[in-house]
Amino acid sequence: METTMRKNYWVSVFAAMLLIMAGAGCGNNSSSIVSSADTGDISGYIYTASYNAAVARPAAEAGRAAAAGVPTGYVPVSNALVTIEGQDMTARTDANGYFLLEKVIKGTQTLKASKNGLNTLSLSVSVQAGATVSLNDQVDAQALSMQPEQKGTLVVSATAGTVSAPVNATVYINGLATSKTTNTAASISDITPGSYTVTVKADGYNDPTAKSATVIANQTTSVSFQLVPTDGNNPPLVTIVAPTENQSFNNGATVTLTGSGVDPEDGTLTGASLVWSSSVDGALGTGISLQTSSLTVGNHTITLLGADTGGKSSTDTVNIVISSTAYQNTAPTATIVTPTAGIYTNAQTITFAGAGNDVDDGTLTGSSLVWTSNLDGTLGTGNFFQKSGLTIGNHTITLTSTDARGATGTATVQITVSSAAGVNTPPQAFITTPTNNQTVTTIQTVIFSGTGADIEDVLITGTALVWTSSIDGALGTGNFFTKSGLTAGTHTITLTATDSQSATGATSTTLIVQ
């Protein structure tokens, strides 16, 4: 009897202790009496992208179990505060980004994670009684990734040769190949601020030395590479000058295609080395410039391919639209550059220089430009020629431009021809490229071309033509050269021509370098 009483006594005491412990909140992260049949656990890993993981190859890595490595393109987030909304329970992630919440009330719960410098993460989790929900078992739509509050942009480019021809290379970040290529430049946005090791690799080129790039929040960091071909032959640089991107033409209009090709070994490419084609109509022709009025109605990608004698080639493309609207011809324009209004002698050699332009035909040349005088009749044709022995008197000089459909435009200038002895006339300078307000990058190769004309000396070439920049100073001399690495900013490019008697003439254009 006594033994039975003692047994009942200890059973009562043990039961009372259980009630006291439950009332005191014994159990991890619990503040109330909750049966284990009504709770479950949540565990997982929290990461942040070390750079934009969307560009990583492969885009996702399976197997994010406890024994697996950190997913490609991510780093763990340590000491992040993890909570369950509406419940008094918290956890902190460890150095591996791992957390564990125990005895979470079953049902759909909202898990939140926060840390300074990162945007708060919120995720709906279905908790099962007596089970553990494991998050981030693999990097997919369930991944717990906290994005930085501020990010930067990394731009990577690759070129080859003295003309800086663009190279389509694969970008590597911290030794990992990405899905980005330098065509013509790879821009990786939303990249976490920090220091990265960057390089590029391209078939047919030696691997360059990797470079360090520091990405700063809300800024753009640029890294460029100069690649060397394994066979020593650099590709040409090909540029379409006209038409411009998304330019539209009426059906039947004359489309002028103009471009250039420069090769480090061969120099300027011409003729059959430059091939034009359309994504709709196929082959269009060859050469620096050609015209066509037979393009099919629709959207065209116009391609200019330049090939050097060593078998290397490069392309440039532009998208244009040929609309179904019937073409309505527009008259061309005419511009007289020289002679300018003034007095000349009949012994002087007068330079006649001018231009004609048509909306559809583009630049007019040759017999499309006719020069006449009201006293001497027809003087000559083309953009440039010289003539002496004009009749003494007051002349109205007229330049008439005629397009392919017979429409005309005119320009006039008044000059006086006398028998008095002539004096030296200063030369004139003309810039062809770069065009006014043209925009280029600091790594882009810029083509500088122009001419100088003088009444007494005729053409001015070589060192008598000097190019300068308001920012970079002296650029070069002569009718044609290329240059890259210009300083960022708005440049006033000036071409100065000097004649044999040291008289000078200059002209300027604006070039924007970004």
Side-chain angles (χ1 to χ4, degrees), residues 25-151 173-176 178-179 190-194 196 217:
C26 293
N28 187 31
N29 301 316
S30 177
S31 61
S32 60
I33 303 173
V34 179
S35 170
S36 61
D38 295 326
T39 65
D41 299 339
I42 303 175
S43 69
Y45 294 82
I46 295 179
Y47 304 104
T48 185
S50 62
Y51 59 92
N52 188 340
V55 306
R57 185 183 296 121
E61 178 183 284
R64 177 49 267 182
V70 176
T72 299
Y74 290 84
V75 292
V77 175
S78 62
N79 201 35
L81 178 65
V82 184
T83 63
I84 297 295
E85 191 175 68
Q87 297 189 39
D88 184 16
M89 57 176 56
T90 63
R92 290 276 181 178
T93 56
D94 64 14
N96 297 316
Y98 177 77
F99 70 91
L100 173 64
L101 292 169
E102 296 179 290
K103 298 188 181 306
V104 180
I105 297 174
K106 71 178 181 180
T108 301
Q109 305 293 349
T110 300
L111 180 147
K112 290 188 175 181
S114 60
K115 184 176 181 179
N116 289 340
L118 299 174
N119 290 318
T120 299
L121 171 70
S122 181
L123 183 70
S124 180
V125 182
S126 179
V127 180
Q128 304 296 322
T132 298
V133 179
S134 296
L135 302 173
N136 261 7
D137 280 342
Q138 61 184 33
V139 181
D140 55 20
Q142 296 297 319
L144 300 187
S145 179
M146 298 177 68
Q147 300 301 314
E149 293 175 345
Q150 295 180 319
K151 295 187 176 182
I173 298 178
N174 291 345
L176 176 69
T178 74
S179 59
D190 296 331
I191 188 167
T192 304
Y196 299 89

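Positions are given from 1, in the same order as the sequence printed here. Everything numeric in this text was worked out from a predicted model, so none of it was measured.
For E149, there are no side-chain hydrogen bond (donor to acceptor under 3.5 Å, both in side chains) partners, not counting sequence neighbours. For T108, there are no side-chain hydrogen bond (donor to acceptor under 3.5 Å, both in side chains) partners at least two apart in sequence or on another chain. By the side chain to side chain contact (heavy atoms under 4.5 Å, CB included) test, S114 is found to be paired with L81, T120, residues two or more places apart in sequence or in another chain being considered. Residues forming a side-chain hydrogen bond (donor to acceptor under 3.5 Å, both in side chains) with K112 (at least two apart in sequence, or on another chain): E85. Remark: A217 engages Q150, P193 in a side chain to side chain contact (heavy atoms under 4.5 Å, CB included) (not counting sequence neighbours).
The salt bridge (Lys or Arg N to Asp or Glu O under 4.0 Å) contacts involving residues 116-131 comprise nothing, where partners must be two or more places apart or lie in separate chains. Sorted by first and then second residue, the pairs that involve residues 78-123 and meet ring pair (Phe, Tyr, Trp, His ring centres under 6.0 Å), not counting sequence neighbours, are Y45-Y98.
Between I191 and K151 there is no side-chain heavy-atom pair separated by less than 4.5 Å. Counting heavy atoms from C-beta outward, L111 and V104 have side chains that stay 4.5 Å or more apart.
Here CG of D94 is found 8.5 Å from OG of S78. Values are rounded to the nearest 0.5 Å. The distance from the CD1 atom of I84 to the OG1 atom of T110 is 8.0 Å, given to the nearest 0.5 Å. We find the CD-CD1 distance between Q128 and I42 to be 11.0 Å, quoted to the nearest 0.5 Å.
In this structure, M146 and L121 approach most closely via the heavy-atom pair CG-CB, 3.9 Å. Between I46 and T93, the shortest heavy-atom distance links the atoms CD1-CG2, 4.0 Å. P76 approaches G97 most closely through the heavy-atom pair CB-N, 3.8 Å.
No side-chain donor-acceptor contact under 3.5 Å links K106 to the backbone of G130.
Each of V133, V127, T132, L101 was checked for a side-chain contact (heavy atoms from CB on, under 4.5 Å) with D41, and the lone residue meeting it is T132.
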